[in-house]
Amino acid sequence: MYDKERGLYIAHCANGALSITGKMANRHGLIAGATGTGKTVTLQVMAETFCQAGVPCFMADMKGDLSGISQTGKMSGFIEKRLPEFGIENPEFQACPVRFFDVFGEQGHPMRATISQMGPQLLSRLMQLNETQDGVLNIVFRIADERGLLLIDLKDLRSMLDWVSKHAKEYTTKYGNISTATIGAIQRALLQLENQGADKFFGEPSFDIYDLMQTEGGKGVMNVLAADKLMLQPKLYSTFLLWLLSELYSTLPEVGDMELPKLVFFFDEAHMLFTDTSKALLDKIEQVIRLIRSKGVGIYFITQSPTDIPENILGQLGNRVQHALRAYTPKDQKAVKTAADTFRANPAFKTDEAIMNLETGEALVSFLDPKGAPTVVERAKILFPLSQIGAVTEGQRLDIIKQSRIYGKYDTPIDRESAFEVLMAEADRQLAEQEQQQAEIEIPQPEAKAEKKKPGIMGKVGKAILTAITSTLAAILGTYVSDKVTGKKTKSRTSGTGRVVKNATSAATRTITKELTRDILGNLIK
């Protein structure tokens, strides 16, 4: 709970109230502990405390439990028993103003981003692309930017990939090799994203992050993301939240340390953010977390063990709440020791032993003092929520959605002209021009000249025989005429005309043989 004297009152120990200093709330924090030790209740207590101070929050609701923050709490036997421990007589149960969001648009206002806003780096992580595929995806984004093509949804990126594949040779010398196989692998990854429901996330109207930083009646609005279905797609969940952080970082102005932060961001199941993350992306996450505090945003990670968080990032989390850890294996014992070493030691007890003996709702707490130094760790009990513990009904959820100020702002998707429409129109125009050219311009086909056929073997033989016969008849006729004119008589039947016939026949034979030999040799040489 929040009041001006106690500030952001979160827990109570033997030495009194433990509160987060307002100016230090943007220095980030950690809520850790094994399953069932009370992390979700601690998150709810923190969120409604910020709400009462006028600080809006964003949180992911994994099981629907956090939706109860929208309803007024009520007295229970457990709360009544703990009232004396906190010095509270009559708690003022109250609800928080809430807006429900859902990436899939089913349990809250839709939250969308365009492909261009997501960028190639986050999109590559989402699709689990290798280094080569990541490089080609960056090339595709560059080409789309050069051509002035908007990448809004999945079909825009798919059509752009197809276009680049067809024109790859034009960009090889400028950007490097773009193989069809690599484009095909990215297309298959896009299909998997679409099957997981990512097509509902990519599109317009894109989400305005300033809608997360609203107040109602002096209270900060609690922005609750329905994540029960989103959790089934851990890559989509972590990449979406990382995109949201990146948008906050790139959009918000520098404000330094304020009396209270502009927004507090709770990242549940934080280990998913760092699983299978490349070195380049991990460096970017570290940079965003380190610098976003100057934008007035505080980030609080919720996970089972501090070892789930990289050391460079863990060192930036100044406000700590550590619930119980179990140490059944050597690995668990190492995790307990690591968690204990992150606190400033308290001489009153051993930190590592205390972590294993904490009860439900009890935690080791250390917040930053006004100078930014961590306080000595205290064994404390977390306050109880003033709002409802547990999920709301579907009817209550629907009423809250309809009464929201942004109801209808994101509900209807918009599909304006982008890369898909431009490239489709370009392809249709080229096809129409080709058809028009074929219809208007008739290219005359020249008539094929009749080729003079060369006589074949049989034709040449026939020609030779005809020539021989003609020559023989001419010779006989000539001999006969000559004898009649001179009055000579041949000595024998073969001496005159016979010799002529014989000689003509021999000539014919030679001619035929010569023609056959020439033709056969010619065919062999061909």
Side-chain angles (χ1 to χ4, degrees), residues 1-2 6-34 37-47 49-50 53 55 85-86 257 260-261 264-268 270 289-290 293 298-325 327 334-384:
M1 61 183 64
Y2 174 77
R6 288 179 173 178
L8 298 165
Y9 180 30
I10 304 297
H12 192 87
C13 67
N15 295 324
L18 296 177
S19 303
I20 298 177
T21 304
K23 288 185 177 181
M24 297 294 110
N26 65 334
R27 300 297 178 92
H28 313 320
L30 173 69
I31 302 173
T37 56
K39 296 192 301 297
T40 302
V41 173
T42 299
L43 191 162
Q44 185 171 342
V45 169
M46 276 193 178
T49 301
F50 281 115
V55 179
E85 299 175 0
F86 301 112
D257 292 330
L260 288 168
V264 172
F265 193 101
F266 291 99
F267 202 133
D268 203 357
I289 293 172
R290 184 176 66 253
R293 69 179 183 83
I299 302 173
Y300 288 74
F301 293 99
I302 298 91
T303 189
Q304 292 193 11
S305 172
T307 57
D308 296 334
I309 311 295
E311 289 186 7
N312 291 340
I313 295 175
L314 186 63
Q316 300 179 46
L317 311 182
N319 300 300
R320 305 281 186 88
V321 177
Q322 176 67 61
H323 287 276
L325 290 174
K334 184 178 179 180
V336 169
K337 187 177 185 309
T338 300
D341 291 342
T342 60
F343 288 103
R344 182 180 171 186
N346 189 332
F349 58 88
K350 292 184 177 181
T351 308
D352 54 349
E353 292 181 0
I355 289 176
M356 294 185 291
N357 296 305
L358 294 170
E359 299 177 355
T360 300
E362 193 177 19
L364 297 180
V365 179
S366 175
F367 297 138
L368 296 176
D369 64 21
K371 295 182 179 180
T375 59
V376 173
V377 63
E378 297 285 357
R379 185 168 180 169
K381 292 186 177 181
I382 305 299
L383 290 176
F384 53 87

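Just so it is clear, the structure is predicted and the values come from calculations on it, not from any experiment.
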Can you tell me how far apart [atom1] ([X]) and [atom2] ([Y]) are? Round to the nearest 0.5 Å.
X      : Y      : atom1 : atom2 : result
Leu368 : Asn26  : CG    : CG    : 9.5 Å
Leu317 : Ile299 : CG    : CD1   : 9.0 Å
Ile31  : Thr42  : CD1   : OG1   : 6.0 Å
Ile313 : Phe301 : CD1   : CZ    : 6.0 Å
Asp352 : Leu325 : CG    : CG    : 11.0 Å
Ile10  : Phe50  : CD1   : CZ    : 6.5 Å

Taking distance alone, no hydrogens or angles, what donor-acceptor pairs closer than 3.5 Å link side-chain atoms of residues 353-364 to residues at least two apart or in another chain?
{"residue": "Asn357", "atom": "ND2", "partner": "Glu353", "partner atom": "O", "Å": "2.7"}
{"residue": "Glu362", "atom": "OE1", "partner": "Glu359", "partner atom": "N", "Å": "3.1"}
{"residue": "Glu362", "atom": "OE2", "partner": "Arg379", "partner atom": "NE", "Å": "3.0"}

With no hydrogens and no angle check, is any side-chain donor or acceptor of Asp369 less than 3.5 Å from a backbone partner on Thr375?
->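 Checked: no pair found.
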[X] versus [Y]: any side-chain heavy-atom pair under 4.5 Å?
X      : Y      : value
Leu8   : Leu260 : yes
Val264 : Met46  : no
Pro306 : Leu30  : yes
Asn319 : Tyr300 : yes

Can you give me the closest heavy-atom contact between [X] and [Y], atom names plus distance?
X      : Y      : value
Gln316 : Arg290 : OE1-CA, 2.9 Å
Ala11  : Val365 : CB-CG2, 4.3 Å
Phe384 : Val45  : C-CG2, 3.9 Å

I'd like a table of donor-acceptor pairs (distance under 3.5 Å, sequence neighbours excluded) in which one partner is a side-chain atom from residues 334-346, with atom names and distances.
{"residue": "Lys337", "atom": "NZ", "partner": "Asp341", "partner atom": "OD2", "Å": "3.2"}
{"residue": "Thr338", "atom": "OG1", "partner": "Lys334", "partner atom": "O", "Å": "2.9"}
{"residue": "Thr342", "atom": "OG1", "partner": "Arg320", "partner atom": "NH1", "Å": "3.0"}
{"residue": "Thr342", "atom": "OG1", "partner": "Ala339", "partner atom": "O", "Å": "2.6"}
{"residue": "Arg344", "atom": "NH1", "partner": "Pro374", "partner atom": "O", "Å": "3.1"}
{"residue": "Asn346", "atom": "OD1", "partner": "Ala348", "partner atom": "N", "Å": "3.0"}
{"residue": "Asn346", "atom": "ND2", "partner": "Val377", "partner atom": "O", "Å": "2.8"}

Plane angle bin for Tyr9 and His12 - parallel if under 30°, tilted between 30 and 60°, otherwise perpendicular |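 Perpendicular: the ring planes of His12 and Tyr9 meet at over 60°.
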Between Arg27, Lys371, Lys23, which is the residue that forms a salt bridge (charged side-chain N to carboxylate O under 4.0 Å, His left out) with Asp257?
->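 Result: among Arg27, Lys371, Lys23, Arg27 is the only option passing the salt bridge (charged side-chain N to carboxylate O under 4.0 Å, His left out) with Asp257.
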